[in-house]
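For this chain, numbers begin at 1 and follow the sequence in order.
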Amino acid sequence: MRLLETITPISYEYQGFWGSFWDIIWWFLTIFIFISYLFVLFAIIGDLFRDHKLNGWWKAVWIVFLLFFPIITALVYLIARGRGMGERSQAQAKQLQEAQSEYIKSVAGAGAASPADEIAKARALLDAGTIDQAEYDALKAKALA
């Protein structure tokens with residue numbers, strides 16, 4: 001028995017990655033910071049290509065610096081161009097909202113006409129002699145219902 005204990009000493013200092021609660025906490029914190037950095041990086045790259053006032057060469061310079069000095073460049077970009085970044089993001093959101101609103105109006109307006117439009121169409125048909133007074137009254141009642 002003594003021989004076995006001298007050959008394989010029993011030590012519980014490091015129990016693997018999942019052996020310590022603080023190892024898990026640090027792992028999650030590291031992953032969170034890395035994913036946050038990726039979000040910032042993609043936001044910066046998206047803003048660079050969204051900005052039409054910035055010259056193409058300056059965009060290339062920003063990208064090169066983001067590749068070689070990523071954290072410093074990201075911080076400098078957010079400090080120097082953060083306000084414009086927010087304004088461009090708001091302008092794009094407003095443009096998308098207006099486009100969506102126009103699309104909804106065009107789709108919804110194509111299928112349903114207002115009651116006044118329906119009555120005007122029925123009156124035009126009555127004046128043209130296509131329908132008689134009874135049919136006009138029925139169409140008018142239907143439009144107002």
Let me check something: do Phe39 and Ile45 share a hydrophobic cluster, defined by ILVMFWY side-chain heavy atoms less than 4.5 Å apart, either directly or through other members? no

Does Ser106 reach the main-chain N or O of Tyr103 with its side chain, forming a donor-acceptor pair under 3.5 Å? yes

field: Electrostatic pair Lys121-Asp117, nearest N-O below 4.0 angstrom
entry: no

query: Considering residues, nucleotides and ligands other than Tyr37, do more than 12 of their heavy atoms fall under 6.0 Å from its OH?
result: yes

In this structure, CZ of Arg123 is separated from CD1 of Ile131 (nearest 0.5 Å) by 9.5 Å

d(Gln92 CD, Gln95 CD) to nearest 0.5 Å is 7.0 Å

- [ ] Would you check if the side chain of Ser36 reaches a backbone N or O of Phe32 as a donor-acceptor pair within less than 3.5 Å?
- [x] yes

Next on the checklist: Measuring only between side-chain heavy atoms, which start at C-beta, is Thr30 closer than 4.5 Å to Phe34?
Outcome noted: no

- Please determine if Lys59 and Asp51 form a salt bridge, counting it only when a charged side-chain N lies under 4.0 Å from a carboxylate O. no

Heavy atoms of Leu41 and Leu66 approach each other most closely as CD1-CD2, 3.8 Å

| message | Could you see if Phe49 belongs to whatever hydrophobic cluster contains Trp58? Use Ile, Leu, Val, Met, Phe, Trp, Tyr and a side-chain cutoff under 4.5 Å. | response | yes

- Item | Side-chain touch Glu135/Leu125, heavy atoms, less than 4.5 angstrom | no

Nearest heavy-atom approach of Ala143 to Pro115 is O-CB, 3.5 Å

Heavy-atom check, side chain of Arg88 versus side chain of Arg81, under 4.5 Å | yes

Separation between CD (Glu118) and NZ (Lys142), nearest 0.5 Å, reads 8.0 Å

Assess whether side-chain contact (heavy atoms from CB on, under 4.5 Å) is satisfied between Ile119 and Leu144, documenting all intermediate values. CA-CA 9 Å; Ile119 294 171; Leu144 293 176; 3.8 Å; yes

Hits for ring pair (Phe, Tyr, Trp, His ring centres under 6.0 Å) against Tyr136, two or more places apart or cross-chain, chain-then-number order -> none

* Would the number of heavy atoms belonging to other residues, nucleotides or ligands and lying under 6.0 Å from CD1 of Ile72 be above 12? -> no

Within the structure provided, determine whether Pro70 and Phe65 are in side-chain contact (heavy-atom separation under 4.5 Å).
no

Task: Close side-chain approach of Tyr77 to Asp47, heavy-atom, < 4.5 Å - done: yes

One should read off an interatomic distance between Ile44 CD1 and Leu78 CG, to the nearest 0.5 angstrom, of 4.5 Å

Would a single hydrophobic cluster contain both Leu38 and Ile33, if residues Ile, Leu, Val, Met, Phe, Trp and Tyr are joined by side-chain heavy-atom contacts under 4.5 Å? no

Handout entry: Ser89 (side chain) donor-acceptor with Met85 (main chain) under 3.5 angstrom
Key = no

message: For Trp62 and Leu54: C-alpha separation, side-chain torsions, deciding distance, then whether side-chain contact (heavy atoms from CB on, under 4.5 Å) applies.
response: CA-CA 11 Å; Trp62 278 111; Leu54 191 63; 4.2 Å; yes

(request) Decide if atom CD of Gln133 counts as having more than 12 heavy atoms of other residues, nucleotides or ligands within a radius under 6.0 Å. (result) yes

